[in-house]
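Accompanying notes for the structure given below.
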Amino acid sequence: MASRLSRIWPTLSRVRLSSALGSRCVSQTPKSSASGAAVTSDLQSLSPAAQDSHGHAEVSPFDKNPDFHGFHHSDPFVDEWNMRLAFFFGISVAIVIGGTFVHYLPDHGMRQWARREAERLIKQREAEGLPLMTENYYDPSTIVLPSSGED
Amino acid sequence: MLKVLVPTIMLFPTIWLVPAKWLWTSTTTHSLSIALISLAWLKWTSETGWATSGSYLATDPLSTPLLVLTCWLLPLMILASQNHINPEPASRQRLYITLLASLQTFLIMAFGATEIIMFYIMFEATLIPTLIIITRWGNQTERLSAGTYFLFYTLAGSLPLLVALLLLQQSTGTLSMLVIQYAQPMLLDSWGHKIWWAGCLIAFLVKMPLYGVHLWLPKAHVEAPVAGSMVLAAVLLKLGGYGMMRMMVMLDPLSKELIYPFIILALWGIIMTGSICLRQTDLKSLIAYSSVSHMGLVAGGILIQTPWGFSGAIILMIAHGLVSSMLFCLANTAYERTHSRTMILARGLQMIFPLTAAWWFIANLANLALPPLPNLMGELMIITTLFNWSPWTIALTGLGTLITAAYSLYMFLMSQRGPAPSHVLKLPPFHTREHLLMALHLIPVILLVTKPELMWGWCY
């Protein structure tokens, strides 16, 4: 058993190692892929393969459809309706109607009410000459303390 | 909750049953309708915080802004992907949108979860569609290593979290957020408890990411296609912040001493990643490192655990989500035209695309936290609360603000100003779709200036 394994293992490890080695030897991807891609775009000879990757072929979509909106490359009808619906649902519905809904949300936690009430009370007390706030939260005469000396 | 979840699940039949030429139209309108319905969550019906729709799904002022952001982002992702996915066969396009929609479903359930284990399961579940999007649709060979880094960094952090949660369940008997906030503070005095504390937070710190464990983020953001970058930057990072805010409730009083190293790492990360941004040649990598920088500030704000810290963190998370996603979309428009992310190859664009230069300008101004945008409000609140915790932090946060302004300006000047190289002169013009995409990113940010109390969370 062990002898069989010892015969199989070298071949297995060699296969794996060689494929790994092979890929390491063959791969010539530049360290920075951005610069690799930069070389392609720098050359003005734009091969169809490079162009096809973003679907333009060698023709700009604006040639076939001067009103190309960026939504659908081949069918101008779909392109236009996609644009209209995206704008309608995005701006008119979501932002305008949604924004109106959010604007008219109730005053959560009564915070805006609290600010208005505070300003109103301050104005009132200043007009009456009263202090803006009393020092004691509770009336001291209502507080019953145990008499000292008892245990 | 169900009024959003059911339409989101019905996105799957929509994706697979509409005729191929109406696929993008119908998914865009369907997801925009979901976004409209999600605004109903902003009406907080209860004064106690939690608005429960059942015992397992609830929203409160912390999760609601993040939920609305998630629902708003799906139509934006679909709009952004429409062009580069176009050459693929129809069934693969449907698969792509299915992955985005499944991410959406998991994220809604994650932010709405009341049971921490459910949040954990959804947190992990979001990894799978994101991994598939990065490794299948990324554009360079590095996407495989990016996916590996992404998956294993997050998993290495979250397995301790699972153990910590199970221990928590053992000791308190419940993991429902509704209940556990009222639990007795635990006696946490041994080294085992300190490790448990770390286990609770490491997963979220890796996700945020905190500076020392941030290496996955530049790789994942850069190699992902535009929709992957958008969802990563806008929402998935915020899962980490949200998780931390939920967990910190029960981690006192250990947190008082144990947060020191993490706050220092976060603050140092702001400086370091900001400085790295100034040296980047790859545009998406610059935006990715700027995300790490902003999230360092958010991490600092959350770890401090003061009301202003939490509020500032939520505000900055929402604002950063929208602005960072917008920057990735802008970078993608340059990438789709020049097929390169190198910044010196796509420069001088202002003369070629003047309206887009306006979008670039506003996005960079928002990124450097220009008043009155919510980015500034969040940053100021966090910087103030850090100053209150220790006055020395102002040196790091102030320097961070300066460096943020520097690299945002660098990004703008590099891409827009200066003479345009000759290969840029023949680039195809901007599409209506792309302008709509930028507008839909920016208008919510500007509208949030008028009603910031939506984002203040439950601490204010």
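In what follows, chains are A, B, ... by sequence order, proteins preceding strands, each numbered from 1.
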Flag yes if more than 12 heavy atoms outside [X] fall under 6.0 Å of its [atom1] atom; otherwise flag no.
X        : atom1 : answer
A:Lys64  : NZ    : no
B:Phe353 : CZ    : yes
A:Arg115 : CZ    : no
A:Trp81  : CH2   : no

Most heavy-atom pairs under 4.5 Å with chain B, out of A:Gly99, A:Gly109, A:Ser74, belong to A:Gly109
Sort [X] into side chain, backbone, both or neither according to what part of it lies under 4.5 angstrom from a heavy atom of chain A.
X        : answer
B:Leu447 : side chain
B:Ile443 : side chain
B:Ile344 : neither
B:Pro421 : neither
B:Glu453 : side chain
B:Leu454 : side chain
B:Lys21  : both

Polar contact flag, side-chain donor to acceptor under 3.5 angstrom, A:His73-B:Asn83 = yes
About how many Å separate [atom2] of [Y] and [atom1] of [X], when rounded to the nearest 0.5 Å?
X        : Y        : atom1 : atom2 : answer
A:His108 : B:Trp456 : NE2   : CH2   : 12.5 Å
A:Asn82  : B:Leu79  : CG    : CG    : 7.5 Å
B:Thr432 : A:Phe68  : OG1   : CZ    : 9.0 Å
B:Trp22  : A:Asp75  : CH2   : CG    : 7.0 Å
A:Leu85  : B:Thr28  : CG    : OG1   : 9.0 Å
B:Leu436 : A:His69  : CG    : NE2   : 11.5 Å

Indicate the ring-plane relationship of A:Phe62 and B:His431, choosing parallel, tilted or perpendicular according to the 30° and 60° boundaries.
-> tilted
Do the side chains of B:Leu42 and A:Leu105 get nearer than 4.5 Å, heavy atoms only?
-> yes
With a 4.5 Å limit on heavy-atom distance, are the side chains of A:Phe89 and B:Thr25 in contact?
-> no
Counterpart residues, ring-ring contact (aromatic ring centres under 6.0 Å, His included), relative to B:His221 (two or more places apart) | B:Phe328
Looking at B:Leu283, B:Leu36, B:Val222, which one has more heavy-atom pairs under 4.5 Å with chain A than the rest?
-> B:Leu36
With only heavy atoms counted, which part of A:Phe101 is less than 4.5 Å from chain B, the side chain, the backbone, both or neither?
-> side chain
Mind checking side-chain hydrogen bond (donor to acceptor under 3.5 Å, both in side chains) for A:Asn136 and listing every partner two or more places apart, or none if nothing turns up?
-> none
